[in-house]
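Structure first, then comments.
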Amino acid sequence: MGYRRRDARPRVALWMLVALGDIVLLLAAAGLPVLVALLSVVTVTLAGVGVRRFARRGALARENAATVPVAARRRA
């Protein structure tokens with residue numbers, strides 16, 4: 001009952017932001033300028049998000065194509 005309207009979409013969690021910040025700090029400590037490190041981490045992150053959305057776009061379109069009423073699902 002509690003999972004009926006559960007939003008299962010991925011979210012950017014706080015630990016993800018902390019991990020990205022740690023990567024930037026490690027790259028800066030290794031001698032890379034902070035701005036370059038920040039831009040490179042943001043670019044890689046955005047590219048990963050874009051690839052994930054592009055790969056899931058077909059699956060989401062198929063998922064929304066045919067909706068089955070709740071009563072029909074219970075009987076089946």
Exercise for review: Just jot down the side-chain contact (heavy atoms from CB on, under 4.5 Å) partners of Leu38, sequence neighbours excluded, or say none.
Suggested key: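 Partners of Leu38 by the side-chain contact (heavy atoms from CB on, under 4.5 Å) criterion, ordered by chain and then number, come out as Val24, Val42.
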
Exercise for review: Indicate if Ile23 and Leu17 have the same hydrophobic cluster label, given that clusters are the connected sets of ILVMFWY residues with side-chain heavy-atom separations under 4.5 angstrom.
Suggested key: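 Different clusters: Ile23 never reaches Leu17 through Ile, Leu, Val, Met, Phe, Trp or Tyr contacts under 4.5 Å.
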
Check your understanding: Do Val34 and Val18 sit in the same hydrophobic cluster, where Ile, Leu, Val, Met, Phe, Trp and Tyr count as joined when their side-chain heavy atoms come under 4.5 Å apart?
Key ->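 No, it is not one cluster - the side chains of Val34 and Val18 are not joined through contacts under 4.5 Å.
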
Study note, to complete from the structure: Only residue of Thr45, Leu39, Thr43 satisfying side-chain contact (heavy atoms from CB on, under 4.5 Å) with Val41 is Thr45

Point to revise | CH2-CG distance between Trp15 and Leu20, expressed to the nearest 0.5 angstrom | key: 9.0 Å

Check your understanding: At what distance, to the nearest 0.5 angstrom, does CG of Leu27 lie from CG of Asp22?
Key -> 11.0 Å

Check your understanding: If you take all heavy atoms of Ala37 and Ala28, which pair is closest and at what distance?
Key ->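 Of all heavy-atom pairs spanning Ala37 and Ala28, the closest is CB-N, 4.4 Å.
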
